[in-house]
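Starting from 1, each residue takes its place in the sequence as its number.
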Amino acid sequence: MSVTEPRNRPPRPHPLAGVSMRDLLASCAAAEAVSTPPRLPDPSLKDRPARHPKAA
């Protein structure tokens with residue numbers, strides 16, 4: 001302990017990381033995806049006829 005440090009102060013607790021960075025980033029991406037409203041359909045695609053899945 002140094003001379004300038006008070007003697008009656010308790011030691012600071014060390015913070016513990018409970019979530020990995022990967023999980024944190026994944027949860028942020030999921031929260032953004034859920035909170036973003038759906039996009040409106042593109043008006044230029046409305047005039048096109050629907051393609052049949054078996055059409056070549």
Tell me which donor-acceptor pairs under 3.5 Å the side chains of residues 30-39 have, and how far apart each pair is, sequence neighbours excluded?
unit_1 : atom_1 : unit_2 : atom_2 : d
Ser35  : OG     : Ala31  : O      : 2.9
Ser35  : OG     : Glu32  : O      : 3.3
Thr36  : OG1    : Glu32  : O      : 2.6

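- Every residue meeting the side chain to side chain donor-acceptor pair (under 3.5 Å) condition with Ser20, not counting sequence neighbours, appears here in chain and number order: Asp23.
- In this structure, Leu24 and Val19 approach most closely via the heavy-atom pair N-CG1, 3.8 Å.
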